[in-house]
Undergrad: 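The structure's right below; bear with me while I get my questions together.
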Amino acid sequence: MVDFWEGYALPTIIILGQILAIVVPLLVAVAYLTLAERKVIAGMQMRTGPAKVGPFGLLQPLADGLKLFGKETILPAGANRLVFILAPMLTFVLAMVAWAVIPVGDGLVISDINVGILYLFAISSLGVYGVIMAGWASNSKYPFLGALRSAAQMVSYEVSIGFVIITVLLCVGSLNLSAIVRAQETIWFAIPLFPMFVIFFISALAETNRAPFDLPEGESELVAGYFVEYSSMPFALFFLGEYANMILMSAMTSILFLGGWLPPFDIAPLNWIPGPIWFALKISAVLFLFLWVRATFPRYRYDQLMRLGWKVFLPFSLIWVVLTAGVLLAFDWLPA
Amino acid sequence: MVIQALSFYMFAAITVAAGVMVIASRNPVYSVLYLILAFFNAAGLFVLLGAEFLAMILVVVYVGAVAVLFLFVVMMLDINFVQLREGFLQYLPIGGLIGVILLIELGLVAGTWLLGPEVTAVAAVPILPADQVSNTEAIGRVMYTKYVYLFQASGLVLLVAMIGAIVLTLRQREGVRKQSIAAQNARRREDVVATVKVPTGGGV
């Protein structure tokens, strides 16, 4: 009995507690990211944004959530029911499980696996399934077209994300996310690898289907893209999944390039602030960039999007992989 | 250990069941989705073996890229199932024969599997035990030192296959207007914009 308690029950409870400690703040962050998006864009367009529900509109996400709960779930008659229901669940689950390997502080990580960055890359490359399945199962032309666009777009930009990750790995010598952060104690990778940082950020915009690459849901030509047929909670799951993916990509950006939980300089007032707070601040800064871009740029044309991915980013990041490797080798800076 | 055993049986059972469903399900889109499930559980088996690098690469390459393209194609095709099943009985004998031959060959291979003692002795690059290097590093050491030429050769084969696929599908169509990015970027304001003073009622 004692064996059972110490061997199985207690670890299970601890792991469940850790999962809740990650997922609950994440969901709250997702809810307030929707509010932040509306407020930031409103500010940039000289409007007030949502301001009626609660002080400064702070209860608006709760009101939105309640509204979506109260709506009727509509299953289109021509839809493939099983896949139709499965798609939003898949999107949401994938957006959550990736957080298992994200180190929010020094040692504060659920699973500190050796191939952490590959795990993140694998999970984020699965995100496309939710979109394709939704588009196909809806049995309707706009969602299908949106899904096709999305599949092509996400597969294209994953390639350049892969090369950016390889460049960072060359400088670190490990696939472990905590090791990647610790390697940036002297200098953040955003400075020596600045072009890669820019490419990663733009590819992250494309990977999360955000403006200016939001062609899968281009409302002017595809109504709303792959989730036209969704309503109520399945729609909310897509929405939450998409915003959680944005936060995930921001977290990846800050781990790979902005030094994760590390303070900008290791000096007195800065290193009093605990790591998770630095990490949250960096994620928020990158998220602000996401919103800023959305408020600023018009949508790309589809062929230009593909050209940018395959003819500009892919050769450029490939050259940078070779260049970084060459510099590391020439100056004997390769990590042991 | 109980947890590992249970996980193994779960992953293995789902892999086998999904593999059966790939060929048994009537809807080809379901087949691809079951294939993805099988890949995913195979990755789980790799993790149980301690080969986490292979597991992640399996997910990235097969699930994240290859199966997406499968799904892409299968969803676009308009497959007529009645027509597909028409010739089933006609091809059953030869198909069955090939299946039986493959099964016998697999059985022979599995039954007579023997690694010669000299093969293990001449392994040029000894693989360090798992507690000294991570398996990512172990694979890298073997692949980029001893087998670097074979690695490059397989890369060349893939490159040739890729060029072949492009050559087969690329066709230049006449009379299609395309955007010429270089010409567009080379345009200067002076070449295309002129300020003209237009007299009232005169026109340009």
Side-chain angles (χ1 to χ4, degrees), chain A residues 3-4 7-8 11-12 80 82-83 86-87 90 94 101 111 113-129 131-133 135-137 139 144-145 147-156 158-159 161-162 165 169 173-176 179 301 303-304 307-308 311-312 336, chain B residues 1-4 6 25 27-30 32-37 39-40 43-44 46-47 50-77 130 133-140 144 166 176-182 184-185:
Chain A
D3 278 358
F4 176 75
Y8 296 107
T12 313
N80 183 322
L82 185 70
V83 184
L86 207 60
L90 190 73
L94 286 174
V101 296
S111 172
I113 59 177
N114 275 333
V115 287
I117 189 71
L118 272 181
Y119 174 83
L120 275 186
F121 190 56
I123 296 294
S124 69
S125 70
L126 293 185
V128 65
Y129 282 112
V131 176
I132 307 186
M133 281 161 73
W136 177 78
N139 200 6
F144 191 60
L145 288 172
L148 290 183
R149 279 184 176 189
S150 170
Q153 174 180 335
M154 286 164 105
V155 170
S156 311
E158 240 160 51
V159 184
I161 288 191
I165 289 177
L169 294 182
S174 168
L175 294 158
N176 184 305
R301 213 175 60 203
D303 61 320
Q304 290 174 334
R307 178 180 171 272
L308 185 73
K311 292 191 183 169
V312 180
Chain B
M1 277 296 120
V2 182
I3 300 280
Q4 277 88 332
L6 284 178
S25 58
N27 190 332
V29 173
Y30 282 174
V32 180
L33 291 177
Y34 277 117
L35 186 67
I36 294 161
L37 187 65
F39 281 147
F40 210 79
F46 272 130
V47 169
E52 69 256 17
F53 180 75
L54 281 183
M56 294 305 151
I57 291 295
L58 182 73
V59 176
V60 170
V61 175
Y62 283 94
V63 184
V66 175
V68 172
L69 298 179
F70 268 20
L71 204 58
F72 207 94
V73 172
V74 166
M75 280 176 179
M76 300 281 281
L77 292 176
V133 288
S134 68
N135 63 62
T136 316
E137 217 179 316
I139 290 174
Y144 296 115
I166 292 172
V176 180
R177 285 158 135 340
K178 275 190 194 159
Q179 181 180 18
S180 168
I181 306 276
Q184 221 170 16
N185 285 341

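Quick note on labels: first sequence line is chain A, next is B, and so on, each numbered from 1.
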Undergrad: Using non-hydrogen atoms and a 4.5 Å limit, figure out which bit of B:I57 sits close to chain A: side chain, backbone, both or neither.
TA: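 Contact with chain A: side chain only.
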Undergrad: Hey, could you give me the CD1/CG distance between B:I181 and A:D303, rounded to the nearest 0.5 Å?
TA: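 Result: 7.5 Å between the selected atoms.
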Undergrad: In Å and rounded to the nearest 0.5 Å, what is the CD to CG distance from B:E137 to A:L175?
TA: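 Between atom CD of B:E137 and atom CG of A:L175 there are 10.0 Å.
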Undergrad: Over all heavy atoms of both residues, which pair between B:G64 and A:S125 is shortest? Give the atoms and the distance, please.
TA: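 Distance-wise, the nearest heavy atoms are CA-OG, 3.7 Å.
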Undergrad: Take a 6.0 Å sphere around CZ of A:F121 and say whether it holds more than 12 heavy atoms from other residues, nucleotides or ligands.
TA: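 Yes, the 6.0 Å shell around CZ holds more than 12 heavy atoms from other groups.
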Undergrad: Is any side-chain heavy atom of B:F72 closer than 4.5 Å to a side-chain heavy atom of A:V155?
TA: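 With C-beta onward as the side chain, the pair stays apart.
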Undergrad: How about OH on B:Y62, more than 12 heavy atoms from neighbouring residues, nucleotides or ligands closer than 6.0 Å, or not?
TA: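 Counting neighbours around OH of B:Y62, 12 or fewer heavy atoms of other residues, nucleotides or ligands fall under 6.0 Å, so no.
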Undergrad: Supply the atom-to-atom distance B:L33 CG to A:Y129 OH, rounded to the nearest 0.5 angstrom.
TA: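 Rounded to the nearest 0.5 Å, the CG-OH separation comes out at 8.5 Å.
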Undergrad: Just so I understand: if I count every heavy-atom pair under 4.5 Å between each of A:Q304, A:M133, A:M154, A:R307 and chain B, which residue has the most?
TA: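 If we count pairs closer than 4.5 Å to chain B, A:R307 comes out on top.
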Undergrad: Side chain from CB out, backbone as N, CA, C, O: work out which of these in A:L148 comes under 4.5 Å of a heavy atom of chain B, or both, or neither.
TA: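 Both parts, backbone and side chain.
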Undergrad: Looking at side-chain heavy atoms only, is the closest gap between A:I113 and B:E52 below 4.5 Å?
TA: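 A:I113 vs B:E52: side chains apart.
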Undergrad: What residues form a side chain to side chain donor-acceptor pair (under 3.5 Å) with A:S174, not counting sequence neighbours?
TA: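 A:S174 satisfies side chain to side chain donor-acceptor pair (under 3.5 Å) with no residue once adjacent residues are dropped.
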Undergrad: With chain A, which of B:A67, B:A65, B:A43 has the greatest number of heavy-atom pairs at distances under 4.5 Å?
TA: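 Top count of heavy-atom pairs under 4.5 Å with chain A: B:A67.
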Undergrad: Going by the rule side chain to side chain donor-acceptor pair (under 3.5 Å), which residues pair with B:Y30 if we only count those two or more places apart in sequence or in a different chain?
TA: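 So B:Y30 forms a side chain to side chain donor-acceptor pair (under 3.5 Å) with A:N80.
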Undergrad: Can you say whether A:V159 sits under 4.5 Å from chain B via the side chain, the backbone, both, or neither, judging by heavy atoms?
TA: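 For A:V159, neither part sits under 4.5 Å from chain B.
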Undergrad: What closest approach, in Å, do A:V128 and B:V68 show between heavy atoms, and which atom pair accounts for it?
TA: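 Looks like CG1-CG2, 3.6 Å.
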Undergrad: Please indicate whether B:F40 has more than 12 foreign heavy atoms, meaning atoms of other residues, nucleotides or ligands, lying under 6.0 Å from its CZ.
TA: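 Counting other residues, nucleotides and ligands, CZ of B:F40 stays at 12 neighbours or fewer.
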Undergrad: How long is the straight-line distance from CD1 of A:I123 back to CE of B:M56, given to the nearest 0.5 Å?
TA: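 So the gap between those two atoms works out to 7.5 Å.
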Undergrad: Chain A heavy atoms under 4.5 Å from B:A55: which part of the residue, side chain, backbone, both or neither?
TA: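 Neither part.
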Undergrad: Could you look at B:V61 and say if it's the side chain, the backbone, both or neither that has a heavy atom under 4.5 Å from chain A?
TA: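 Neither part.
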Undergrad: Among B:L71, B:V29, B:L69, which has the most heavy-atom pairs under 4.5 Å with chain A?
TA: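 Most pairs with chain A among the choices: B:V29.
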